[in-house]
Chemist: 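I am attaching a structure below and will ask some questions about it afterwards.
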Number of protein chains: 2
Amino acid sequence: MGHSRPTLADVAGAAGVSVSTASLAFSGAGPIAAATRDRVLAAAGELGYSGPNPLGRSLRSGRSGIAAVVIGDQLRRSFRDPVSVQVLDGLVSTLGQMGLGVLLVPGMPATEGTTGVDPLLETAPMDVAVLIWGSREDDPALLSLQRRGVPVVIGEGPSVEGVPVVGIQDRRGSEELARHLVDLGHERIAVVSLPFGGPRRCAVVSPQRMTELRWTPTKHRLEGLQDAGVVPTVVVEAAASLVEEGQAAGRLLLDVEDPPTAVVAQSDLLAAGVLLAARDLGLRVPQDVSVAGFDGIDLPWLAPDVLTTVAQPLAAKGEALGQTVAALLAGEQPEPALLPVTLRTGTTTGPPRT
Amino acid sequence: MGHSRPTLADVAGAAGVSVSTASLAFSGAGPIAAATRDRVLAAAGELGYSGPNPLGRSLRSGRSGIAAVVIGDQLRRSFRDPVSVQVLDGLVSTLGQMGLGVLLVPGMPATEGTTGVDPLLETAPMDVAVLIWGSREDDPALLSLQRRGVPVVIGEGPSVEGVPVVGIQDRRGSEELARHLVDLGHERIAVVSLPFGGPRRCAVVSPQRMTELRWTPTKHRLEGLQDAGVVPTVVVEAAASLVEEGQAAGRLLLDVEDPPTAVVAQSDLLAAGVLLAARDLGLRVPQDVSVAGFDGIDLPWLAPDVLTTVAQPLAAKGEALGQTVAALLAGEQPEPALLPVTLRTGTTTGPPRT
DNA sequence: GTCCGGGTTCGAATCGTTTCGAGGCGTCGC
DNA sequence: GCGACGCCTCGAAACGATTCGAACCCGGAC
């Protein structure tokens with residue numbers, strides 16, 4: 001008894017047809033008599049043949065049916081953030097409908113201290129790659145992919161020559177939010193920002209550090225404030241978009257002599273942390289301090305408070321990324337997409353105490 | 001000018017060696033003079049050749065370097081649960097170190113109403129598959145994979161002939177927790193359970209429904225209570241392991257004439273929801289009602305409360321799954337693993353009101 | 001001088017499928 | 001009755017790499 005799994009040739013032999021005909025029976029690409037197809041399929045069933053081997057098919061067609069999704073520096077961190085997760089969800093569904101599988105690839109090598117990129121990025125089969133969240137111009141992952149000739153789509157990154165980008169109106173949303181606060185009468189507004197890129201830390205941003213800002217969403221959201229004429233009294237950089245980080249940053253900002261009357265956090269998770277910090281310090285929201293976020297995710301445990309935030313269409317972003325991937329694979333040169341955001345005022349912002 | 005990317009043959013030609021020698025230069029499998037290797041590598045650099053095409057390599061070696069991870073019915077739901085995420089994180093790192101990439105595959109077809117499994121499961125290249133969370137005996141995904149001859153590892157599932165399982169001591173942990181409550185003096189204990197399998201709903205479990213329990217973790221955690229001699233006054237089945245669900249279930253349980261003195265939730269997220277429900281109803285925890293969870297995840301926003309829970313080693317579970325995958329690929333027949341859990345008493349359980 | 005052997009390199013076969021052009025057979029039209 | 005046209009089927013050539021055994025070259029030993 002032969003042991004390796006049956007191949008198309010075995011099936012063809014059993015059905016008494018040629019290999020090419022058997023192939024046709026499975027792929028359906030080409031004319032084939034119904035009787036013949038049935039015979040082949042029957043033979044396949046008998047032999048326990050479960051469809052063409054994807055490896056052989058890939059080699060021949062040059063396509064693997066795999067889209068790599070490059071996630072930030074740590075899976076753990078990316079996935080604790082509902083924002084990434086919802087985008088990924090939209091992306092997986094959209095690509096799934098196109099028959100593309102999603103391969104998770106860490107953006108950095110698993111072993112600490114190594115320089116370069118994760119070996120998977122260099123060796124895994126992929127038809128296209130998506131840098132889902134916050135690439136930079138000199139991203140080693142991006143360079144590696146370009147060297148391999150893999151088409152790339154960037155989510156929320158800088159525009160790079162020839163690489164389509166899908167983003168949201170970070171800047172305009174941030175501006176609207178700032179206007180909302182200004183209209184309420186706030187003058188002393190502090191910011192808890194997303195990471196700047198480079199080494200992660202939770203600390204007040206110095207002018208020196210401000211020049212090292214490399215991460216696009218962070219940058220755009222800060223610029224939006226400027227557009228509304230707001231100059232933050234302080235900016236605290238969070239090490240990651242997590243509740244704990246927001247809480248630490250909130251303490252830094254609020255546990256001082258003359259605290260700001262409003263805190264703008266660059267993500268809802270950070271804002272939630274700021275709310276907790278305010279609660280710990282005995283500050284009422286929004287009477288003593290207003291707090292606003294960004295993203296528009298569900299935070300059921302915040303009730304009865306409702307966070308004022310800028311909602312972005314997360315699932316739609318995943319879909320847009322998927323569409324861009326499709327266009328790229330079809331050989332088109334997709335336009336950059338910029339998805340709309342909406343200001344959603346809740347109960348956590350109000351006029352400052354006079 | 002030829003446009004398609006250079007192949008190993010091109011590189012070999014440019015370096016003046018045979019294809020087989022060039023292959024050696026890259027794979028390092030076999031003796032090769034340092035000078036020759038350098039010459040090949042130099043030629044490769046000049047031609048912009050970025051390493052052997054994974055498709056060709058896969059076909060020849062019969063291995064794709066891909067492990068499929070089959071996630072529950074919806075990505076969104078799986079990933080909103082920190083439990084899945086942390087396990088996945090451990091799994092991705094462990095597999096990454098072995099050079100295996102993780103392909104995300106939905107457990108059910110993307111398009112509603114279709115029967116069967118996601119086409120990716122049948123056509124994507126994979127050396128092994130991991131059913132990460134809660135498969136059942138008659139899981140169509142499992143059957144499909146077995147038909148393809150793909151080795152499978154199950155996380156938290158039923159034991160199936162010839163399929164290695166990695167689980168935790170659900171039953172013993174649950175029993176310990178129950179004893180803790182009994183020792184405190186509780187007699188009226190209610191349960192908020194994980195889904196039973198089949199149609200999802202948030203409702204009180206009838207005796208009829210109890211016979212339809214298909215999902216292993218749910219089952220084991222209920223059995224653990226029995227082991228401690230606890231017969232729940234009511235069991236409410238949640239539609240998913242989410243805070244909202246726990247909150248709804250909590251209302252169902254606590255907003256009644258004669259509420260239980262303790263609520264055991266089968267996950268921390270559910271327990272958090274129960275806490276919120278208790279708060280909404282003006283019940284003090286643990287004075288009026290004790291609440292316990294399962295999993296041991298971080299819930300920073302619960303502070304100053306600390307949830308009493310059964311902690312399971314989530315990252316270790318991911319690693320154990322990875323090790324099992326490795327063993328399977330090495331041709332071994334891995335033993336089922338059962339990871340230890342620890343009762344962690346917090347501030348949310350105490351003696352019942354007398 | 002011949003033989004032997006260690007260290008490299010080469011040729012050819014192979015992995016399983018798709019695709020393309022050629023050919024066979026039956027039928028329809030004139 | 002003959003030619004042409006369709007519909008199917010087939011054979012052979014890729015796709016890009018790995019691998020195995022054979023061939024090779026050179027120095028050292030007898």
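All chains are named by letter (A, B, ...) in the order of the sequence lines, taking the proteins before the strands, and each is independently numbered beginning at 1.
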Chemist: Give me the first and last nucleotide of DNA chain D, going 5' to 3', that has any atom under 4.0 Å from a heavy atom of chain A.
Modeler: D:dC8 to D:dG16

Chemist: Contacts to DNA chain D from residues 31-44 of chain B, heavy-atom cutoff under 4.0 Å, which residues?
Modeler: none

Chemist: Evaluate the side-chain proximity of A:Val70 to A:Leu121: yes if any heavy-atom separation is below 4.5 Å, no if none is.
Modeler: yes

Chemist: Going by salt bridge (Lys or Arg N to Asp or Glu O under 4.0 Å), name the residues that satisfy it together with A:Glu122, two or more places apart in sequence or in a different chain.
Modeler: A:Arg147

Chemist: Quick one, give me the B/S/- string for nucleotides 11-16 of chain C, reading 5' to 3', where B means a protein heavy atom under 4.0 Å from the base and S means that only happens at the primed atoms, P, OP1 or OP2.
Modeler: B-BBBB

Chemist: With a 4.5 Å heavy-atom cut-off, do B:Val87 and B:Leu321 have their side chains touching?
Modeler: yes

Chemist: Can you give me the bend angle of the helix from C:dG1-D:dC30 to C:dC30-D:dG1? Use the axis through the first five pairs and the one through the last five, nearest 10 degrees.
Modeler: 60°

Chemist: With a 4.5 Å cut-off on side-chain heavy atoms, are B:Asp10 and B:Thr7 touching?
Modeler: yes

Chemist: Is it the case that the side chain of A:Ser27 and the backbone of A:Ser23 share a donor-acceptor pair, with hydrogens and angles ignored and the cut-off at 3.5 Å?
Modeler: yes

Chemist: Side chains of A:Val69 and A:Leu88: closer than 4.5 Å at any heavy-atom pair?
Modeler: yes

Chemist: Do A:Ser18 and A:Thr21 have a side chain donor and acceptor closer than 3.5 Å?
Modeler: yes

Chemist: How far does CD1 of A:Ile132 sit from NZ of A:Lys317, to the nearest 0.5 angstrom?
Modeler: 8.5 Å

Chemist: Given 3.5 Å as the limit, does a donor-acceptor pair link the side chain of B:Arg39 with the main chain of B:Ala15, or not?
Modeler: yes

Chemist: Can you name the residues that form a side-chain hydrogen bond (donor to acceptor under 3.5 Å, both in side chains) with B:Asn53, not counting sequence neighbours?
Modeler: none

Chemist: Which of these, B:Val152, B:Val160, B:Val163, sits in a side chain to side chain contact (heavy atoms under 4.5 Å, CB included) with B:Leu131?
Modeler: B:Val152

Chemist: With a 4.5 Å heavy-atom cut-off, do A:Val165 and A:Glu156 have their side chains touching?
Modeler: no

